[in-house]
Amino acid sequence: MKSIHKLVGIFKLNVLKIESVPESFSSEVYKLTLINLDNVYVKIPYNRDKLVCEFHMLERLKGVIPVPKVLDFWDGDDMNVGALLLSAIDGVPCMSNIDQSLAYQIGMYHATLHEVTMPAYGCYGSDGFQMVKNNSWRLYLKNNFEKWKEPCKGLLQPDLFEKCITHFDSVYSALPEPDGPCVVHMDFRPGNILIKDNEVIGIIDYESARGGSSEIDFTKMNRYVWEVNPLTRLPYVQGYESVRPLLDLEDIIPFYNFYDAFSSLV
């Protein structure tokens, strides 16, 4: 809480109330009610790379899809990574039942996000935009898996570890040609979709977003929405395809389900 009081001074805010926002997993987030009763948010990422990434992605998506407006930016000092001052969006996370109308909207906005091109496969960070090796999405995935092997080897039984290696090779080889580079959210799930009166009014949390293939962005939709209510998948697809073609997910989702599970062990 000490850091937020410092930021109130840096951003020159007249604050009536400060509330910590729960369930923010890789940042400190505070809701500030100002003297004039307007609300704003202060986001303090856990490292500078996430701070810079969020700033650049919000600027890139401004006017394309509904995202918070960056009202101010503090680039930190020797003791602090910095912070963003963000406008409030008058909605709540989409945590209740998602009906077919809402699923259609979510698909449409997700596709609109993926329509935004990036300079290469890679991400923004404190040293600028960093392109992945050889600007190859497939090589990026393969290299990540290779990095995870050694720590996972010490956590898994030998026979299970070998099955994982064999399974990766099988599902990796089945992947179609990647699209992109486009903006991928990397955490596109109901908790980051804001709604009001059953309308999508905001998509938040871009600290992990990057230039990638859209294929990586469907895993959490599948896990948290389609598997919970299979009737939402078709309207989502219809909404998505009203903007752009959808990749064939038949081989993509099994790969990324495994990819996410394996990486979560590290």
Side-chain angles (χ1 to χ4, degrees), residues 3-4 7 10-11 13 21 24-32 40-89 91 109-137 139-141 143-144 178-189 191-194 200-220 243-244:
S3 60
I4 186 60
L7 288 165
I10 289 170
F11 290 139
L13 301 173
V21 176
S24 182
F25 301 111
S26 51
S27 298
E28 289 181 55
V29 181
Y30 296 92
K31 177 183 177 182
L32 276 57
V40 294
Y41 286 84
V42 172
K43 185 168 188 177
I44 311 167
Y46 290 161
N47 63 59
R48 183 164 173 77
D49 286 339
K50 290 182 177 294
L51 171 77
V52 173
C53 179
E54 178 113 16
F55 171 78
H56 280 287
M57 286 300 183
L58 288 175
E59 290 297 294
R60 182 172 286 268
L61 295 170
K62 182 169 57 179
V64 179
I65 61 172
V67 297
K69 181 180 178 182
V70 179
L71 303 174
D72 208 344
F73 175 90
W74 182 52
D75 61 2
D77 53 29
D78 292 341
M79 300 295 292
N80 301 276
V81 299
L84 294 162
L85 180 65
L86 303 174
S87 66
I89 296 176
Y109 280 117
H110 205 184
T112 305
L113 175 77
H114 291 159
E115 277 290 274
V116 180
T117 59
M118 290 290 286
Y121 295 118
C123 59
Y124 289 104
S126 54
D127 295 324
F129 186 84
Q130 301 296 311
M131 184 177 72
V132 303
K133 187 175 181 179
N134 298 341
N135 196 28
S136 169
W137 185 250
L139 182 60
Y140 165 74
L141 297 177
N143 286 345
N144 281 344
D179 64 358
C182 64
V183 173
V184 289
H185 188 284
M186 301 296 290
D187 195 18
F188 196 86
R189 57 184 175 85
N192 287 326
I193 301 167
L194 302 182
V200 175
I201 62 167
I203 313 289
I204 61 171
D205 196 3
Y206 293 89
E207 61 191 34
S208 299
R210 59 172 51 241
S213 169
S214 66
E215 65 183 26
I216 200 170
D217 237 11
F218 301 103
T219 311
K220 292 183 180 179
V243 177
R244 75 194 302 260

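- Here the shortest heavy-atom pairing between S208 and M186 reads O-CG, 3.2 Å.
- The CD1 atom of I201 sits 12.5 Å away from the CD1 atom of I193 when rounded to the nearest 0.5 Å.
- In terms of heavy-atom proximity, P68 sits nearest to I204 at CG-CG2, 3.9 Å.
- Using a 4.5 Å heavy-atom cutoff, the side chains of I203 and L113 are not in contact.
- The minimum heavy-atom distance between S3 and E28, with the atom names listed, is OG-OE1, 3.8 Å.
- Looking at residues two or more places apart in sequence or on another chain, you find a side-chain contact (heavy atoms from CB on, under 4.5 Å) between A209 and M57, Y206.
- Put simply, the side chain of K69 does not reach to within 4.5 Å of the side chain of L58, judged on heavy atoms.
- V184 has its side chain out of reach of S213: every pair of non-hydrogen atoms, C-beta onward, lies at least 4.5 Å apart.
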Anything under 3.5 Å between a donor and an acceptor, one on a side chain of residues 114-121, the other on a protein residue two or more places apart or in another chain? List them.
| unit_1 | atom_1 | unit_2 | atom_2 | d |
| --- | --- | --- | --- | --- |
| H114 | ND1 | Y240 | OH | 2.7 |
| H114 | NE2 | H110 | NE2 | 3.3 |
| H114 | NE2 | D217 | OD2 | 2.9 |
| E115 | OE2 | R244 | NE | 2.9 |
| Y121 | OH | D179 | O | 2.8 |

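- In this structure, the salt bridge (charged side-chain N to carboxylate O under 4.0 Å, His left out) partners of R189, at least two apart in sequence or on a different chain, are D187.
- When atom types are taken as modelled, the side chain of H56 and the backbone of G128 share no donor-acceptor pair closer than 3.5 angstrom.
- Qualifying salt bridge (charged side-chain N to carboxylate O under 4.0 Å, His left out) partners for K62, counting only residues two or more places apart in sequence or in other chains: E59.
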Expected list for residues 71-79: side-chain donor-acceptor pairs under 3.5 angstrom, two or more places apart:
| unit_1 | atom_1 | unit_2 | atom_2 | d |
| --- | --- | --- | --- | --- |
| D77 | OD1 | M79 | N | 2.9 |
| D77 | OD1 | N80 | N | 2.8 |
| D77 | OD1 | N80 | ND2 | 2.9 |
| D77 | OD2 | K6 | NZ | 3.0 |
| D77 | OD2 | N80 | ND2 | 3.4 |

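- With rounding to the nearest 0.5 angstrom, the NZ atom of K220 is 8.0 Å from the CG atom of N192.
- Identified under the side-chain hydrogen bond (donor to acceptor under 3.5 Å, both in side chains) test for residues 122-133, with sequence neighbours left out: D49-S126, R60-Y124.
- Atom CD1 of I216 sits about 14.5 Å away from atom CZ of F188, to the nearest 0.5 Å.
- With sequence neighbours left out, the ring pair (Phe, Tyr, Trp, His ring centres under 6.0 Å) criterion links Y140 to W137.
- With sequence neighbours excluded, the residues satisfying side-chain contact (heavy atoms from CB on, under 4.5 Å) with S27 are S24, V29, K43, P45, E207.
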Report task. Give the C-alpha distance, both sets of side-chain angles, the deciding distance and a yes or no for side chain to side chain contact (heavy atoms under 4.5 Å, CB included) between V42 and I4. Result -> CA-CA 8 Å; V42 172; I4 186 60; 3.7 Å; yes
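- Between the CG atom of L51 and the CG atom of L84 there is a distance of 5.0 Å, given to the nearest 0.5 Å.
- The shortest heavy-atom contact between L139 and S136 is N-OG, 3.1 Å.
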Report task. Evaluate side chain to side chain contact (heavy atoms under 4.5 Å, CB included) for L85 paired with L7, printing each intermediate quantity in order. Result -> CA-CA 9 Å; L85 180 65; L7 288 165; over 6 Å; no
